[in-house]
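Taking it in order: structure first as structure tokens, then the write-up.
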Amino acid sequence: MQTVTQASQAPASKRDVYLQICQQLDALLTGETDIIANAANTAALLANSLPDINWAGFYFLRGEELVLGPFQGKPACVRIALGKGVCGKAAETAETIVVRDVSQFPGHIACDPASQSEIVAPLVSWGKVLGVLDIDSASVGRFDDEDREGVESVIAVFLEALAGSDWPDLLDESRDLEDA
Ligand code: SME
């Protein structure tokens, strides 16, 4: 009996946590194509499901700037120039960036001084960068390659829900991958 109890209390692996998030997100977003509503629910689900994080949210690309989208956490910087900070760098390169210690990332933009580590993944669809998903933690070294995989799979579910919709004006101001 004791063994069963212990087994049932074993913490879920990161992989399992992201798998569950993706399943819940798929159920939440299926049938809805509004990018703001879906981004809001995605941020809320991440904030309520991922341990040890203090901010989760979106920035969408408008011309040469990222503009704050739906998020959970403390109020954040509204505009980030392409190439600036972790978010601007991820949007510019179209690559996920895992920052173990934000104090070691040149140009890191501190919206919440509590944030110590960060992962930023680009939203890439139809050969364009639409924006980024940013997640912060108050612990150094919170994110690793498993989070990279997990966050990218969350983005895949988010983008899948928008597929086939009339893409919003946001896309017109997104960034062609050829420029990355
Ligand atoms: N730290 C980010 C800015 C956004 S906030 O963390 C919400 C950056 O360096 O781009």
Side-chain angles (χ1 to χ4, degrees), residues 14 17-18 21 25 29 35-125 128-159 162 168 170-171 173-177 179-180:
K14 278 190 180 184
V17 170
Y18 282 108
I21 290 173
L25 191 61
L29 305 189
I35 192 167
I36 301 298
N38 286 355
N41 262 339
T42 304
L45 183 63
L46 289 171
N48 282 282
S49 306
L50 287 177
D52 194 19
I53 67 165
N54 64 335
W55 202 91
F58 290 85
Y59 281 88
F60 293 117
L61 204 50
R62 296 192 178 257
E64 294 293 300
E65 271 184 335
L66 288 164
V67 179
L68 184 63
F71 70 94
Q72 298 268 315
K74 288 197 177 158
C77 331
V78 175
R79 292 176 186 272
I80 298 174
L82 196 61
K84 298 292 180 194
V86 188
C87 292
K89 202 49 104 183
E92 187 180 54
T93 59
E95 300 280 348
T96 299
I97 301 177
V98 176
V99 182
R100 203 191 117 66
D101 179 350
V102 296
S103 70
Q104 302 301 310
F105 189 96
H108 167 259
I109 300 164
C111 294
D112 180 348
S115 295
Q116 301 293 321
S117 62
E118 179 164 9
I119 181 168
V120 182
L123 310 174
V124 179
S125 191
K128 287 176 181 271
V129 178
L130 191 66
V132 298
L133 174 57
D134 179 14
I135 307 175
D136 293 6
S137 170
S139 303
V140 170
R142 160 67 181 81
F143 305 104
D144 57 20
D145 272 344
E146 279 190 296
D147 292 284
R148 182 196 302 268
E149 250 181 60
V151 170
E152 288 176 355
S153 62
V154 168
I155 288 175
V157 174
F158 174 76
L159 293 173
L162 299 173
L170 283 167
L171 192 60
E173 299 198 62
S174 56
R175 176 177 170 74
D176 279 323
L177 265 188
D179 302 334

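We count ligands from 1, going down the list as the structure has it; atoms in each ligand are counted the same way.
The shell of residues lying under 4.0 angstrom from ligand 1, judged by heavy atoms, excludes F71.
Summarising the contacts of atom 9 (O) of ligand 1 with L66, I109, V99, the nearest heavy atom is found in I109. When A76, C87, G57 are checked for heavy-atom proximity to atom 10 (O) of ligand 1, C87 turns out nearest.
At least one side-chain heavy atom of T42 sits less than 4.5 Å from a side-chain heavy atom of V154.
Using a 4.0 Å cut-off to heavy atoms of H108, the atoms of ligand 1 that qualify are 1 (N), 9 (O). Within the listing of ligand 1, atoms 7 (C) sit less than 4.0 angstrom from a heavy atom of W55. Proximity to G85 (heavy-atom distance under 4.0 Å) selects the following atoms of ligand 1: 9 (O), 10 (O). Atoms of ligand 1 found under 4.0 Å from any heavy atom of D134, numbered from 1 in the order shown, are 4 (C), 5 (S), 6 (O), 7 (C). The atoms of ligand 1 that sit less than 4.0 Å from any heavy atom of D136 are 5 (S), 6 (O).
Of the polar atoms of E118, at least one N or O is found under 3.5 Å from an N or O of ligand 1, judged by distance alone. Residue V86 places at least one N or O, backbone or side chain, under 3.5 Å from an N or O of ligand 1.
The CD1 atom of I97 lies 9.0 Å from the CZ atom of R148; values are rounded to the nearest 0.5 Å. Within the model, atoms CG of L45 and CG of N38 stand 12.0 Å from one another, a figure rounded to the nearest 0.5 Å. Rounded to the nearest 0.5 Å, atoms CG (D144) and CD (E149) are 9.5 Å apart. Put simply, CG on L46 and CD on Q72 are 9.5 Å apart, with the number rounded to the nearest 0.5 Å. Separating the CG atom in L130 from the CG atom in L162 is a distance of 8.0 Å, to the nearest 0.5 Å. Distance CG/L66 to NZ/K84: 13.0 Å, rounded to 0.5 Å.
Contacts with ligand 1 closer than 4.0 Å are made by no heavy atom of F105, backbone or side chain. Contacts between V120 and ligand 1, counted as non-hydrogen atom pairs separated by less than 4.0 Å, are absent for every part of the residue. Using a 4.0 Å cut-off between heavy atoms, C111 contacts ligand 1 through its side chain alone, with no backbone atom that close.
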Show the numbers, then the answer: is there a salt bridge (Lys or Arg N to Asp or Glu O under 4.0 Å) between E65 and R62? CA-CA 5 Å; E65 271 184 335; R62 296 192 178 257; over 6 Å; no
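A donor-acceptor contact shorter than 3.5 Å is absent between the side chain of R142 and the backbone of I119.
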